[in-house]
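Quick notes on the structure that follows.
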There are 2 protein chains.
Amino acid sequence: MLKDIGKMKSLTRDGVAELLRANGISLTLQRLAIAQILLVRPVHLTAEQVLKKAQKIMPEISRATGYNTLNLLKEKGLIRELVIEPGRIVYDSNTTHHYHIYDADTGKMTDVPAGDIKVTGTTELPAGVVLEEVDIIIRVNSRSG
Amino acid sequence: MLKDIGKMKSLTRDGVAELLRANGISLTLQRLAIAQILLVRPVHLTAEQVLKKAQKIMPEISRATGYNTLNLLKEKGLIRELVIEPGRIVYDSNTTHHYHIYDADTGKMTDVPAGDIKVTGTTELPAGVVLEEVDIIIRVNSRSG
DNA sequence: TTCCATGCAAAGGGTTTGCACTCTC
DNA sequence: GAGAGTGCAAACCCTTTGCATGGAA
């Protein structure tokens, strides 16, 4: 499921193009702009944020293309969709195994490498099911009051 | 934050009425119908499911009232809002500390008591933030193929 | 009478879809 | 000239809001 981008720390713009090709995505300027926003370094952004940033590079990107491309990148496993709270979907371009710290006051997300947290327990999965993944969201707040 | 319902296993219809009163919610037939669906036993239901079930008891419940009541129960801490995957918000009437197993194929949610899972790690929270809660979703699938 | 709760319908936000145009091969 | 990708606008789903009605204290 994870691609070779999995271990990346950062990527050049050319690297982004190659990565798209390697995943069978034919290149367009719109797709490159969007992919650059997401894949040059690990980020957590909403669809709206991605679209706005991409439009700074390339103004003629429509909303439809923005969403199409996000879904395409998601299907190819290059980004992951996270639901943090109702109505707030963020796209995560860190596809290594990791968890999240979410500050509800600032909206800031911080990655926690999977190795930093251990989950142990006596829980057995229901019969006949296969474990896919474990999501952990550590919710914090930074309110003074 | 958790109310006395926290430890409940099940509740009578009368118990639901008392619980609402105890939380300063004035009673109406609509609210009682909705609260019964959710609070008689722990369930995981979407807003739509709650509304439909409540309307079987009491047909004259409008969509607006359904959502108003869900939000009211949520504010009072009698139910919790969970976001499992994009566009799928479920209301959870088990307010004890617990985690979830989610089967993406069947949509079925299973509770895991907090005591059954241990989370340990070396991760430090960012400076100045306060831990609120830890959400764990164990994603499984039951596809044969 | 003064609220509060309700119902209806309309509005709202975020995402998807339909369709015609453009580009590429 | 067939297929893919795009832009625009409309449609869509889910939730919230505005407003007038109706009931409770």
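Fair warning: this is a prediction, and the values are worked out from it, not measured in the lab. Lettering of chains follows the sequences in order, A, B, ..., and the numbering in each one begins at 1.
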[X] [atom1] to [N] [atom2], straight-line distance once rounded to whole Å:
X     : N      : atom1 : atom2 : result
A:E85 : C:dG14 : CD    : C1'   : 15 Å
B:R88 : D:dC13 : CZ    : C1'   : 15 Å
B:R31 : D:dG23 : CZ    : P     : 16 Å
B:E75 : C:dA5  : CD    : P     : 11 Å
A:Q30 : D:dC8  : CD    : P     : 11 Å

Protein-nucleotides 14-18 of chain D N/O pairs closer than 3.5 Å?
residue, atom, partner, partner atom, Å
D:dT15, OP2, B:Y67, OH, 2.1
D:dT15, O5', B:Y67, OH, 3.4
D:dT16, OP2, B:N71, ND2, 3.2

Tell me whether the OP1 or OP2 atom of D:dT6 has a side-chain N or O from A:T28 closer than 4.0 Å.
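A:T28 to D:dT6 OP1/OP2: side-chain N or O found under 4.0 Å.
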Pairing donors with acceptors under 3.5 angstrom, does anything connect the side chains of B:N94 and B:T96?
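Short answer, yes.
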Could you pull out the protein-nucleic contacts involving nucleotides 22-25 of chain C (nitrogen or oxygen on both sides, under 3.5 Å)?
none

Does a salt bridge link B:R63 with B:E48, judged by any charged N lying under 4.0 Å from a carboxylate O?
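Salt bridge between B:R63 and B:E48, a charged N being under 4.0 Å from a carboxylate O: yes.
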Carboxylate-amine/guanidinium contact A:R80 A:D135, below 4.0 Å
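Salt bridge present between A:R80 and A:D135.
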Residue from A:I34, A:I79, A:N23, A:I25 passing side chain to side chain contact (heavy atoms under 4.5 Å, CB included) with A:L72
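For A:L72, the side chain to side chain contact (heavy atoms under 4.5 Å, CB included) test succeeds with only one of A:I34, A:I79, A:N23, A:I25, which is A:I25.
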Treat each ILVMFWY residue as a node, draw an edge where side-chain heavy atoms are under 4.5 Å apart, and state whether B:V40 and B:L45 are in one component.
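B:V40 clusters together with B:L45.
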Got a sec: does the NZ of B:K108 have more than 12 other heavy atoms crowding it under 6.0 Å?
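No, the 6.0 Å shell around NZ holds no more than 12 heavy atoms from other groups.
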Expected list for residues 112-121 of chain B: side-chain donor-acceptor pairs under 3.5 angstrom, two or more places apart:
none

